[in-house]
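Some notes on the structure that comes next.
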Amino acid sequence: MFPIFINDGTTELPKDDIFYVICKEGVYLKKKMGVMESMVPVNNISILESIEATAQMHIPMVPGPMFAKIISFFKAVYKEHRAEAIVLIFYNEDTQKYKIFPPYQKVNYGAVDYNRGISLDGWQMIGDVHSHASMSAFHSGTDDDDEKSFDGLHITIGDNDDDEVSISASIVSNGTRFLIDPLDYIEDLAITVDIDKTEETPTTKYYKWVGGKMIEAKTSTV
Ligand SMILES: [Zn+2]
């Protein structure tokens, strides 16, 4: 097994011919073989075990009536302005209570702008819920950008012009997004259609042109 060295700036690098260094830039491999000597970045330490990236929030379920209010707010904003909107989720760890705060915001169909420096005494901001107006719920490139330095729970509500809205929930940590089951974090939620499930059995049909007529094909490439 090759040594793994942590370059903390106080200890000298080992004299070994082959070793890994964990340094500011990531993982490097030192290799000295014959006349060749190098120190190069590698993207893994092959001698170690893998680890799975995970994220979870240690919080109680968001109460159903509270979440229903958020959806009503999004529907009202859509009806009035044909726009998206956002609310911030604050949490008090001592009382285990939530406070939903709609910040002053400028909205349009595809964007929402608000003051990101909001703080409430005694509360920590643990996430947000934003709407996607009449589009479906997903996490867009803009969302990735907005949330890369905002660790916490990020929920999107889409189809705010329909009776049944769509929902996509995630936890973001250090710019990595983990899709989660909204049922694990929101109380009294009923999922009528699970898009992940419908994607397993697609409803799209493909056809090909054979002998002067259309016949059903198994995939789009046939
Ligand atoms: Zn979005």
Could you state whether [X] and [Y] fall into the same hydrophobic cluster, counting links through intermediate Ile, Leu, Val, Met, Phe, Trp or Tyr residues with side-chain heavy atoms under 4.5 angstrom apart?
X: Phe138; Y: Val112; value: no
X: Ile45; Y: Val42; value: yes
X: Tyr78; Y: Ile71; value: no

What's the spacing between [X] [atom1] and [Y] [atom2] if we round to 0.5 Å?
X: Lys75; Y: Ser134; atom1: NZ; atom2: OG; value: 11.5 Å
X: Asn160; Y: Asp163; atom1: CG; atom2: CG; value: 12.0 Å
X: Met61; Y: Leu189; atom1: CE; atom2: CG; value: 8.5 Å
X: Met125; Y: Asp151; atom1: CE; atom2: CG; value: 11.0 Å
X: His81; Y: Lys106; atom1: NE2; atom2: NZ; value: 13.5 Å

Check: Taking atom types as modelled and ignoring hydrogens, do the side chains of Asp128 and His154 form a donor-acceptor contact shorter than 3.5 angstrom?
Finding: yes
Next item on the list: Assess the side chains of Glu164 and Thr192: does a donor N or O sit below 3.5 Å from an acceptor N or O?
Entry: yes
Is any side-chain heavy atom of [Y] closer than 4.5 Å to one of [X]?
X: Asn7; Y: Lys24; answer: no
X: Val27; Y: Asn43; answer: no
X: Val172; Y: Asp143; answer: no
X: Tyr114; Y: Leu88; answer: yes
X: Glu187; Y: Met66; answer: no
X: Asp188; Y: Phe67; answer: no
X: Ile157; Y: Val129; answer: yes
X: Ile186; Y: Ile167; answer: yes

Keeping the roles fixed (side chain from [X], backbone from [Y]), state whether a donor-acceptor pair exists under 3.5 Å.
X: Asn92; Y: Thr95; answer: yes
X: Ser131; Y: Ala85; answer: yes
X: Gln96; Y: Pro60; answer: no

Margin query: Taking ring-ring contact (aromatic ring centres under 6.0 Å, His included) as the cut-off, I'd like each qualifying pair that reaches into residues 14-60, sequence neighbours left out, listed once.
Written below: none
Item checked: Ring geometry between Phe101 and Phe90 (parallel below 30°, tilted from 30 to 60°, perpendicular above 60°) -> perpendicular
Give a yes or no on whether [X] atom [atom1] has more than 12 heavy-atom contacts from other residues, nucleotides or ligands under 6.0 Å away.
X: Lys31; atom1: NZ; result: no
X: Glu93; atom1: CD; result: no
X: Ile18; atom1: CD1; result: yes

Check: If you take all heavy atoms of Lys97 and Tyr91, which pair is closest and at what distance?
Finding: O-CD1, 3.3 Å
Listed pairs under 3.5 Å, donor-acceptor, residues 173-185 side chains, sequence neighbours left out:
| from | atom 1 | to | atom 2 | distance (Å) |
| --- | --- | --- | --- | --- |
| Arg177 | NE | Asp144 | OD1 | 3.1 |
| Arg177 | NH1 | His139 | ND1 | 3.2 |
| Arg177 | NH1 | Glu147 | OE1 | 2.8 |
| Arg177 | NH1 | Ser170 | OG | 2.8 |
| Arg177 | NH2 | Asp144 | OD1 | 2.8 |
| Arg177 | NH2 | Glu147 | OE1 | 2.8 |
| Asp181 | OD1 | Leu183 | N | 3.0 |
| Tyr185 | OH | Met57 | N | 3.2 |

Check: When you look at Leu48 and Met1, which way does the side-chain contact (heavy atoms from CB on, under 4.5 Å) test go after all the steps?
Finding: CA-CA 10 Å; Leu48 295 186; Met1 188 148 164; 4.3 Å; yes
Checklist line | Verdict with reasoning, Asp159 to Ser166, per side chain to side chain donor-acceptor pair (under 3.5 Å) | finding: CA-CA 6 Å; Asp159 299 289; Ser166 53; 2.6 Å; yes
